[in-house]
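Notes follow once the structure below has been shown.
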Amino acid sequence: MLRSSGGQPPEPAVPGAGRPSEPLPPTASDPASRDAGPGAGRAGRSAGPEAAARRAERRAGRITAGATELERRLSDLLRGGLAEAERSGHGLWEETAARMVDAQAPGLAARVRELGALPGSGPGWPVRLLEECALTHLLDAAWLGVDRLPEPLAATVRARVGLTAPAAGRPVHDHWLVLAQCDSSDGKIITRRIWVYGRESGRVALLLSFGAGGGSPRLALPVGMAVEAWLTPHLGGGGLRAELGEPVGPPVPIDAPPRGGPVSAALDAYGHALRADPWLDAWPVTLAEVIPVPYGGGWQLADAHGGDALPIAPAALSRPGLWRLAALSGGGPVTVFGECGHRGVTPLTAWSADGPEAVPLV
């Protein structure tokens, strides 16, 4: 069970901020290509800010139409009963997702596909479907009233529906420790997520890179090494996503793992992040002096000196990284960086008490 001691998390204990709205690579539905017209070319690009503003306004109108249609779809589902969702199959959800893509709202399309995968997905699926319907409705309502929201929340809502925020934050210079590197694929595009931690700033940031057509993403950084560079955050999404500038010199080995804290601090950090972004899937945390132990048919990370314990997320239980973590620990305390979500923590990298060498778990 997730337990929290409440209160503000100590900043050194849980460096950073968590998994943001999922990145969305450029697609053929990008407004720059759809709205410019076949003859735009160089002349269209030279039209300047006014043309860009018109394209953005047209795209916002399409997203609003898509969100309104999705609200009708959710209302029909609840009126007909959740059992109807299992009988209707995936076809209707895929059709709705395709319409969200046409509306240039890829974030909404991704949520619709998640809804379509839930009916009949195992015991308790109606509860999970209702929860996801509620979060989708909340996102629809937030977008339809985005002009009335405070700007930080409005930026998060825009990112959630699929409007990528620019890298326009205040640049930060630091020595960035590479915490983890994870690749995922939807069959068409490979997404690489790289977590970094600023040694002096104590800031955690997410770097994203994409590879299309089976190609590998361009950005690659060695886990457990540090690079000196400027980093520019994107707006919205908890301030996590960032762009890395040109490194100053080659990566260098680190002499210590990142600073971490107890399980209670990780839970507090995740809770505070949810208050700012209800659609958050997970939050990056560094746990210091925890021990992986079997518990109730699964595993958990328990504070070595007593206190709280955090279950390891079910999806991580079948990965070989779990056994690497158990072998590294050998029953003793380790430092673990991972993503903390409502189903538990997904360990990504670990460090033993004997040295600074990072052990990737994914």
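Because the structure is predicted, anything quoted here is derived from the model rather than measured.
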Mind jotting down which residue pairs meet the ring pair (Phe, Tyr, Trp, His ring centres under 6.0 Å) criterion with at least one end in residues 169-189? Sequence neighbours excluded, please.
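Passing the test, one end in residues 169-189: His173-Trp230.
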Within 6.0 Å of CD in Glu357, more than 12 heavy atoms from elsewhere:
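Open.
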Are the charged groups of Arg160 and Asp277 less than 4.0 angstrom apart, N to O?
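Yes, this pair counts.
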Taking NZ, NE, NH1 and NH2 as the nitrogens, is one of them in Arg55 or Glu50 under 4.0 Å from a carboxylate oxygen of the other?
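Salt bridge flag = no for Glu50 with Arg55.
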Evaluate the side-chain contact (heavy atoms from CB on, under 4.5 Å) criterion for residues Leu139 and Leu108: first the C-alpha distance (whole Å), next the side-chain angles of each, then the deciding distance (0.1 Å), finally the verdict.
CA-CA 8 Å; Leu139 183 56; Leu108 290 178; 3.7 Å; yes
Are Leu177 and Leu231 connected, step by step, through hydrophobic side chains (Ile, Leu, Val, Met, Phe, Trp, Tyr) whose heavy atoms are closer than 4.5 Å?
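Result: no, two separate clusters.
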Please tell me whether Ile254 and Leu179 are part of a single hydrophobic cluster in this structure, the criterion being side-chain heavy atoms less than 4.5 Å apart.
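Yes.
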Specify the closest pair of heavy atoms between [X] and [Y], including all atoms of both residues, with the distance to one decimal.
X      : Y      : result
Leu82  : Pro126 : CD1-O, 3.5 Å
Glu289 : Pro333 : CA-CB, 3.8 Å
Val334 : Ser352 : CG1-CA, 4.2 Å

Taking only residues two or more places apart in sequence or in another chain, which ones pass side chain to side chain contact (heavy atoms under 4.5 Å, CB included) with Leu219?
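With neighbours one apart ignored, the set is Ile194, Leu207, Ser209, Leu221.
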Under 4.5 Å between side-chain heavy atoms, chaining through other members, with only Ile, Leu, Val, Met, Phe, Trp and Tyr counted: pull out the rest of the cluster around Val293, sorted by chain and number.
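ILVMFWY cluster around Val293 also holds Ile291.
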So do the side chains of [X] and [Y] get within less than 4.5 Å of each other, counting heavy atoms only?
X      : Y      : value
Ser184 : Ile190 : no
Val285 : Phe337 : no
Pro258 : Trp351 : yes
Asp183 : Thr191 : no
Leu208 : Arg241 : yes
Leu287 : Pro262 : no
Asp140 : Leu138 : no
Leu361 : Leu322 : no

Non-neighbouring partners of Trp299 that pass ring pair (Phe, Tyr, Trp, His ring centres under 6.0 Å), sequence neighbours left out:
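By the ring pair (Phe, Tyr, Trp, His ring centres under 6.0 Å) rule, Trp299 matches Trp323.
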Could you tell me which residues satisfy ring pair (Phe, Tyr, Trp, His ring centres under 6.0 Å) with Trp125, sequence neighbours excluded, listed by chain and number?
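In terms of ring pair (Phe, Tyr, Trp, His ring centres under 6.0 Å), with neighbours along the sequence ignored, Trp125 is linked to no residue.
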For Arg128 and Ser121, which I'm curious about, is there any donor-acceptor pair between the side chains at under 3.5 Å?
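Distance-only check passes for Arg128 and Ser121.
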When rounded to the nearest 0.5 angstrom, what distance separates NE2 in His342 from CG in Asp281?
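Answer rounded to 0.5 Å: 8.0 Å.
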Partner residues of Arg73 under the salt bridge (charged side-chain N to carboxylate O under 4.0 Å, His left out) criterion, sequence neighbours left out:
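Checked Arg73 against salt bridge (charged side-chain N to carboxylate O under 4.0 Å, His left out); zero matches.
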Please evaluate residues Asp76 and Arg79 with respect to the criterion salt bridge (charged side-chain N to carboxylate O under 4.0 Å, His left out), reporting the C-alpha separation (whole Å), side-chain torsions for both, the decisive distance (0.1 Å), and the verdict.
CA-CA 5 Å; Asp76 291 343; Arg79 277 197 299 267; 2.4 Å; yes
